[in-house]
Amino acid sequence: MNRIVLLVAALGLALAVAVAASHTPDPAPASAPEMAFSANRAMADIEEIARAPHPTGSEENARVRDYLLDRMGGLGLETSIQTGALSERSVERLASWGDEQAAERQIANLIGVLPGRDREGPAVLLMAHHDTVWDSPGAADDSTGVAAILEAVRAIQARGPAERDLIVLFTDAEELGLDGMRLFLDEHPLAQRVGLVVNLEARGGGGRASMFETGPGNAQTVRAFTRAMDRVEGGANSNSLAVLVYENMPNGTDYTLARERGIAGVNLAFIGRAHQYHDPASTPAALDRGSVQHIGEKALEAADHFLRADALPMATNNAVYSDLLGLIFIQYAPWVGWLVLAAAGGFLIVAVWRGRKVGAVTFAGMGLGALGGLWLAISGVVLATAMRGLAGPSMSRAGSPELYYAMLRRLPWLEAGVVLGLLAAALILFGSAQGRRRLVAGALILATVAALTLYEFSWVILVLGLIAVGGALYSGWMKAARFSAWTGLIALMLGLGVVVQVLAPTAAFLIAWPVLGAALAAALGGLIDPRLERHVSLWPAVIVTAVMGGWLFALGHWTFLGVGMDLPGVLALIALMAAMLARPLAPTSRRGLEILSVLAAVALIAGAGLALGARIIEPVPTEGHAT
């Protein structure tokens, strides 16, 4: 029972750490110092801008433009309007929103310049888009970005003259196809002076803002950005994995066009409360003011830092970087990743050496431990895909934009279902299914069928499902000695870390850091008690699970919000690493295993119920939705 208490305590602490690391700061009052960012001051602009939907060419859009030009002029910006024609694709999309005069509409970019001491050198571009989709007032996307920039400009002026010009750009037609930014880059003379971009976006109505996209050769940009974030609660809240993932996604933002032309920059956004994305619910009242504070502070401090720097960052090499729970920020060159993995390997050798001296570790047992980890990863992908199928079919299969927005509303339920399904798989890995091989295999057969029929047919899922079922029927890996199983699981993840370090070095930290933590905990535990029988030998694992597990859970939540609708199995990797951290805390007594077995069954049933219930709680709307 004591080990169950340690296991539950460690995972509970990890969850608490993740929640704490994901909270948004309190919004600063309107009475905040004039050189500081205030969400409550920015809200006055958001409430005015987001009174109603204002897509390109609409009367409401014209009202918003007039309001913004007046505000920009009042802040002392040298203002102008750039107009141009919409692309054919954008005209078609605008017409699909019911605009009968779509072919006659024009782009209207709003441009303002705050002069610096150097009127000829590279300038900093601070931008957001002022248009929305046809049926959403867009309080988050992107009224928050526009209002945050206005508040940031006010604070920058209060701090005194800057070294270089600040260009403020509120693009039009971003929602139609990035037409406004394309027009600015192609035709406006100021585009030639842009040395760095700070772009603000949103996909949802809350959550911490993160920096998810940079320019090529980003090491200097990231270093300067993170120094500027020392003044922001929650720190940089960014990592090089997000940049790598976003570069390989089909969608983009206004900054993506600048990045493709080699312009340095940082792209900021929050993606929580996903149900508000392109939805009538995206109103000022529904917006998380803490998110406005977080993204606004980031924009202010980043722009101000770059405006006053002796020189703007140059393209060099891409850096490996990530914040750790919003407390510290770690950045290093990709080759340093090999040193991290080498250190993890050294700690693992110490753990294995200590375990083998007393017979607590065998190479055969390590192999079984690694095999169990592979089973967890494979089963996790199958279970996560099954939960996704219970929540709704794939986008490609349904072919319905209404389903896409319904799935955004179902996302919290789906995430809970996936997490519970993965928890059940991890508890099975910990040995709770010994003697219940057929029940586990039956559950995986049902999960495979659900994934193939309710989500979409995939030969990959079919093969993975068969492997998972076969692994459940062969439960030898469940019987590996605890220290052997733990070191084998660490060895498996160390090998995976080496592969990722070779193929995608800027993303390898996601595996390397947890492996380093787990290997260190194993080495310390082995030095204290190589049989891991004394509870004091388990405390390193408890601490590492709480801290590193919390980091993994927070990162997993953010990742799921970004790609979980299409790739729910992404959390299987997070589950595998969390299991690696907590593996020695699993009970070995018959009673303890019985309790874990019951918990696994409850988690699996509850997860399926939440995922399936999402269809009832958030049905697909019968009316059309913006696309």
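Not measured: the values here are computed from a predicted model.
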T214/Y321 under side-chain contact (heavy atoms from CB on, under 4.5 Å): CA gap, chis, key distance, verdict: CA-CA 12 Å; T214 66; Y321 60 92; 3.8 Å; yes

Residues L555, N239; criterion side-chain contact (heavy atoms from CB on, under 4.5 Å); working and verdict: CA-CA 10 Å; L555 185 58; N239 60 72; 3.4 Å; yes

Check against salt bridge (Lys or Arg N to Asp or Glu O under 4.0 Å), R388 and E456: CA-CA 10 Å; R388 175 61 178 83; E456 67 179 1; over 6 Å; no

side-chain contact (heavy atoms from CB on, under 4.5 Å) evaluation trace for L510 with M577: CA-CA 9 Å; L510 175 64; M577 289 188 289; 3.9 Å; yes

Residues I428, W375; criterion side-chain contact (heavy atoms from CB on, under 4.5 Å); working and verdict: CA-CA 10 Å; I428 293 171; W375 178 86; 3.6 Å; yes

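At most 12 non-hydrogen atoms from other residues, nucleotides or ligands lie less than 6.0 angstrom from CH2 of W539. For Y332, the OH atom sits in a packed shell: over 12 heavy atoms of surrounding residues, nucleotides or ligands are nearer than 6.0 Å.
Within the 3.5 Å criterion, the main-chain N or O of V381 finds a donor-acceptor partner in the side chain of T385. A donor-acceptor pair under 3.5 Å links the side-chain atoms of Y255 to the main chain of G265, judged by distance alone. In this structure a side-chain-to-backbone donor-acceptor pair under 3.5 Å is present from Q331 to A219. The backbone N or O of N218 lies less than 3.5 Å from a partner atom in the side chain of N318, making a donor-acceptor pair. The backbone N or O of A360 lies less than 3.5 Å from a partner atom in the side chain of S484, making a donor-acceptor pair. Judged purely by atom type and a 3.5 angstrom limit, S458 uses its side chain to pair as donor or acceptor with the backbone of V460. Within the 3.5 Å criterion, the main-chain N or O of A554 finds no donor-acceptor partner in the side chain of S22. Of the possible donor and acceptor atoms, one in the side chain of R208 sits under 3.5 Å from a partner among the backbone N and O of A21. No side-chain donor-acceptor contact under 3.5 Å links H294 to the backbone of T24. Side chain of R583 to backbone of W486: no donor-acceptor contact under 3.5 angstrom is found.
M493 has its side chain within reach of L496: a pair of non-hydrogen atoms, C-beta onward, lies under 4.5 Å apart. At least one side-chain heavy atom of L444 sits less than 4.5 Å from a side-chain heavy atom of S379. A 4.5 Å side-chain heavy-atom check between V547 and L325 finds at least one atom pair inside the cut-off. The closest side-chain heavy-atom distance from V320 to V336 is not below 4.5 Å. In this structure the side chain of P568 never reaches within 4.5 angstrom of the side chain of M387, judged on heavy atoms. Considering only heavy atoms from C-beta on, T253 stays 4.5 Å or farther from R203 through its side chain.
Applying the ring-ring contact (aromatic ring centres under 6.0 Å, His included) rule to pairs touching residues 555-580 yields nothing, sequence neighbours excluded. Sorted by first and then second residue, the ring-ring contact (aromatic ring centres under 6.0 Å, His included) pairs involving residues 501-531 (not counting sequence neighbours) are F509-W513, W513-W551.
Interatomic distance, CE of M548 versus CZ of F553, reported as 12.5 Å (0.5 Å rounding). Of the inter-residue distances, the one linking L538 atom CG with I543 atom CD1 reads 11.5 Å to the nearest 0.5 angstrom. Here the CD1-CG distance, from I511 to L552, works out to 10.5 Å after rounding to the nearest 0.5 Å. To the nearest 0.5 Å, the span separating CD on E415 from OG1 on T559 amounts to 10.0 Å. Annotation: the span from L376 atom CG to L383 atom CG amounts to 9.5 Å, rounded to 0.5 Å. Note that CG of L612 is 5.5 Å distant from CG of L390, once rounded to the nearest 0.5 Å.
Every residue was checked against the side chain to side chain donor-acceptor pair (under 3.5 Å) condition with S240, not counting sequence neighbours, and none meets it. Residues satisfying the side chain to side chain contact (heavy atoms under 4.5 Å, CB included) test with R273, not counting sequence neighbours, are H275, Q276, D288. Residues satisfying the side chain to side chain donor-acceptor pair (under 3.5 Å) test with T221, not counting sequence neighbours, are none.
Scanning all heavy atoms of the two residues, the minimum distance from L585 to L6 falls at CD1-O, 4.0 Å. Contact record, F430 with L7: CE1-CD1, 4.1 Å, taken as the closest heavy-atom pair.
Under the 6.0 Å distance and 45° angle rule, R356 counts as a cation-pi partner of F363.
When each of E201, E213, R259 is tested with N267 by the rule side chain to side chain donor-acceptor pair (under 3.5 Å), just one qualifies, namely E213.
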Anything under 3.5 Å between a donor and an acceptor, one on a side chain of residues 516-536, the other on a protein residue two or more places apart or in another chain? List them.
residue, atom, partner, partner atom, Å
D529, OD1, R531, N, 3.1
D529, OD2, E533, N, 2.8
D529, OD2, R534, N, 2.8
R531, NH1, V358, O, 3.2
R531, NH2, V358, O, 3.2
R534, NH1, I528, O, 3.4

